[in-house]
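Everything below concerns the one structure shown next.
Quick caveat, the model's predicted, so the values are computed rather than measured.
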Amino acid sequence: MNPAELSATLLAIVTGVLERRGSSEKPTIADVPLERPRNRDHGDWTSNIAMKLAKPVGANPRELAGEIAEELGKAEGVASVDVAGPGFINITLDAAAAGAIAKTIVDAGPEYGRGDLYEGVTINLEFVSANPTGPIHIGGTRWAAVGDSLARIFSAEGGIVTREYYFNDHGAQIDRFARSLLASYLGEPAPEDGYGGVYISDIAARVINDYPGDLSTIPTREEVQEVFRSVGVELMFGDIRASLHEFGVDFDVYFHENELHESGAVDRAVARLRELGHIYEADGATWLRTTSFGDDKDRVVIKSDGEAAYISGDLAYYLNKRERGFERNIILLGADHHGYVQRLMAMTAAFGDTPYVNLEIIIGQLVNLVRDGEPLRMSKRAGTVVTMEDLVEVVGVDAARYSLVRSSTDTQVDIDLDVLTKRTNDNPVFYVQYAHARTSAVARNAAASGVDRSVFDASLLTHETESILLGSLAEFPRIVRQAAELREPHRIARYAEELAGYYHRWYDACRVTPLGEEEVTDVHRTRLWLNDATGTVLRNGLALLGVGAPERM
RNA sequence: GCGCCCGUAGCUCAGCGGAUAGAGCAAUUGACUACGGAUCAAUAGGUCGGGGGUUCAAAUCCCUCCGGGCGCACCA
């Protein structure tokens with residue numbers, strides 16, 4: 001009896017009860033909540049369905065709950081059903097029914113937890129997309145961790161996911177980058193609006209080194225700058241890719257903005273919108289009437305000097321993604337870009353698509369740097385930039401990814417530089433990883449003392465810590481689904497921490513290998529299944545976060 | 001001024017209307033000649049920013065105020 005079966009049984013019973021009462025309510029599986037209660041005294045599973053239906057049906061919630069409970073009590077695998085409080089239905093499974101999940105999990109292995117929420121759906125997930133004008137800082141690192149994890153979660157739900165990086169190699173910021181490199185080469189101070197970090201001189205030196213000819217023979221300053229631009233961007237971008245790879249994040253597509261401008265894609269996108277009647281000319285510029293679709297003001301797509309405005313790249317890029325066949329296009333952006341959401345949604349509607357479905361934008365709050373409890377402003381000049389590489393160097397990839405992915409993207413996270421450099425062991429990732437390593441150790445010990453999985457008798461899993469552990473294991477698939485639906489990878493991390501805790505407590509109370517001269521019994525064998533099932537779920541969960549599951553630590 | 005996010009234990013954060021609000025860290029006290037003590041058990045710690053409202057039920061939804069972050073270009 002797994003949660004899905006129990007849900008189906010409950011739904012059937014509820015439907016039957018409603019019919020007998022002559023109600024027109026037709027609940028679906030989603031309307032019949034089944035949750036694990038916080039309090040152990042409230043059984044293995046609990047449902048508030050009676051309270052939900054009481055009003056539309058015009059019945060007393062406790063009475064309704066009683067009717068449902070009575071039938072549910074007869075179902076196979078159900079040990080007892082109680083009505084509690086205002087109308088909660090508390091369900092206790094018999095040990096064999098509850099324990100069956102352990103074998104199911106071990107048999108499914110890496111497949112356990114997968115679902116079909118996005119079966120066959122093409123999803124384009126764009127994240128990081130940092131300008132190649134410097135290394136990825138800690139903010140971008142957060143999106144790398146979150147985005148990659150989301151991609152893994154969508155894939156687990158059957159989605160066909162493309163990880164995409166929008167490579168912004170067109171426009172003024174790149175010009176500033178090129179001028180900064182040139183200034184470094186010429187020994188001039190960094191331009192007022194340029195970049196002044198140490199990496200600039202490093203890149204400049206590498207450009208000089210990589211350039212096949214002699215830079216000093218190039219006649220004009222503009223031409224030298226162009227060399228720094230093209231070679232410097234390539235080098236910077238190579239560094240970014242390398243950092244991301246080191247971090248465990250590899251993109252399927254690196255899309256160059258420049259391509260959109262040079263291929264005429266921008267012109268085509270504007271022409272398309274013009275056909276649709278959403279383009280007009282005013283003050284010498286070309287405008288998109290985004291106000292027709294909820295934006296605060298119309299947006300310039302072609303400036304009066306004839307140059308394409310930034311948003312024109314977005315128009316063409318979106319169209320390009322749609323032409324490549326992506327039903328869902330999701331973009332992760334930092335909170336400093338949340339002002340773009342409305343205009344991008346307006347754009348989506350202007351193309352005749354559905355905002356928030358075909359295009360979805362996830363706004364994540366920024367990462368705060370803190371030292372001695374004082375907020376620290378990240379500044380390239382002040383040397384307080386913490387890059388992805390810095391972070392990884394100090395805490396390692398697993399701890400870095402985990403700490404960035406374990407809190408909601410809606411909250412700003414504080415990263416304390418001192419804590420980071422001193423105490424790395426307070427990261428909960430070690431608690432989870434240790435639990436996994438422990439399952440491996442137990443399995444090794446079991447093998448050494450002759451405990452195998454030749455027998456599985458779930459009715460022997462009777463200890464309280466066992467039923468708690470089993471209940472938690474059974475929840476994993478719905479946690480994954482929820483994380484996918486809400487685009488919230490942190491739920492996986494929190495779940496893994498909880499599961500690790502249940503496992504540690506079970507380990508403390510129940511032995512898998514016999515002591516001394518004790519005989520190996522079916523209890524030991526069955527517990528080994530439970531141990532291995534826990535290892536599987538921890539491993540699968542950590543995999544969704546892109547974090548390793550070590551067998552030894 | 002307008003918009004988005006946040007305000008929960010000393011700190012960092014969970015808790016998409018449910019029962020007695022949780023975890024990690026920090027503090028105090030216990031548990032190894034028993035599968036790894038990176039663990040476990042116990043204690044302490046809270047006006048869920050304030051105030052209204054919605055309902056059987058609000059940390060959660062609505063309104064309002066306070067506080068913090070971030071945005072409001074023919075910049076990218």
Do the charged groups of [X] and [Y] touch, with an N to O distance under 4.0 Å?
X      : Y      : answer
A/R299 : A/D295 : yes
A/D296 : A/R343 : no
A/D532 : A/R453 : yes
A/D452 : A/R525 : yes
A/E192 : A/R179 : no

Base partner of [N], which must satisfy Watson-Crick or wobble distances under 3.5 Å:
N     : value
B/A59 : none
B/U12 : B/A23
B/G7  : B/C66
B/A41 : B/U29
B/C48 : none

Side chain of [X], base of [N]: donor and acceptor closer than 3.5 Å?
X      : N     : result
A/N90  : B/A19 : yes
A/S408 : B/A14 : no
A/D336 : B/G71 : no

What string of B, S and - do you get for nucleotides 1-10 of chain B, 5' to 3', when a contact is any protein heavy atom under 4.0 Å? --BBSS----
Under the side chain to side chain donor-acceptor pair (under 3.5 Å) definition, can you give me all pairs with a residue in residues 54-65 of chain A, not counting sequence neighbours?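 Qualifying pairs, neighbours excluded: none.
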Can you tell me the distance, in whole Å, between the [atom1] atom of [X] and the [atom2] atom of [N]?
X      : N     : atom1 : atom2 : value
A/L499 : B/A23 : CG    : P     : 16 Å
A/L486 : B/G15 : CG    : C1'   : 13 Å
A/I415 : B/U12 : CD1   : C1'   : 10 Å

Minimal non-hydrogen separation, A/H436 against A/P550, with atom names: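 The pair with the smallest heavy-atom distance is ND1-O, 2.9 Å.
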Side-chain N or O of A/K297 versus OP1/OP2 of B/C72: is the shortest distance under 4.0 Å?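 For B/C72, OP1/OP2 do not have a side-chain N/O of A/K297 under 4.0 Å.
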I want to verify a distance call: between B/C40, B/G18, B/A19, whose nearest atom is closest to the A/A84 side chain?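 From the listed options, B/A19 comes nearest.
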Given B/G36, B/C40, B/C74, the nucleotide with the shortest approach to the side chain of A/R552: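 Nearest to the side chain of A/R552 among the choices is B/G36.
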Using a 4.0 Å cut-off on heavy atoms, which residues in residues 515-524 of chain A reach RNA chain B? List them by number, or say none.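 Listed by number, they are A/L515.
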Spacing of the [atom1] atoms in [M] and [N] (rounded, Å):
N     : M     : atom1 : result
B/A21 : B/U47 : P     : 13 Å
B/G49 : B/C56 : P     : 25 Å
B/U60 : B/G7  : P     : 11 Å

Between B/A19 and A/F88, is there a base-stacking contact, meaning the centre of the base's six-membered ring lies under 5.5 Å from the residue's ring centre while the planes stay under 30° apart?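 Stacking is present between B/A19 and A/F88, given that their ring centres fall under 5.5 Å apart and the planes under 30°.
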Ring stacking, A/H490 with base of B/A14, under 5.5 Å and under 30°?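 Check failed, A/H490 does not stack on base of B/A14.
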Under 4.0 Å, counting only non-hydrogen atoms across every strand here, what does [X] touch: a base, just sugar-phosphate, or nothing?
X      : result
A/A172 : sugar-phosphate
A/Y507 : base
A/V413 : sugar-phosphate

How do A/R406 and A/R438 order along RNA chain B: which one's closest nucleotide is nearer the 5' end?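 Its nucleotide being nearer the 5' end, the pick is A/R406.
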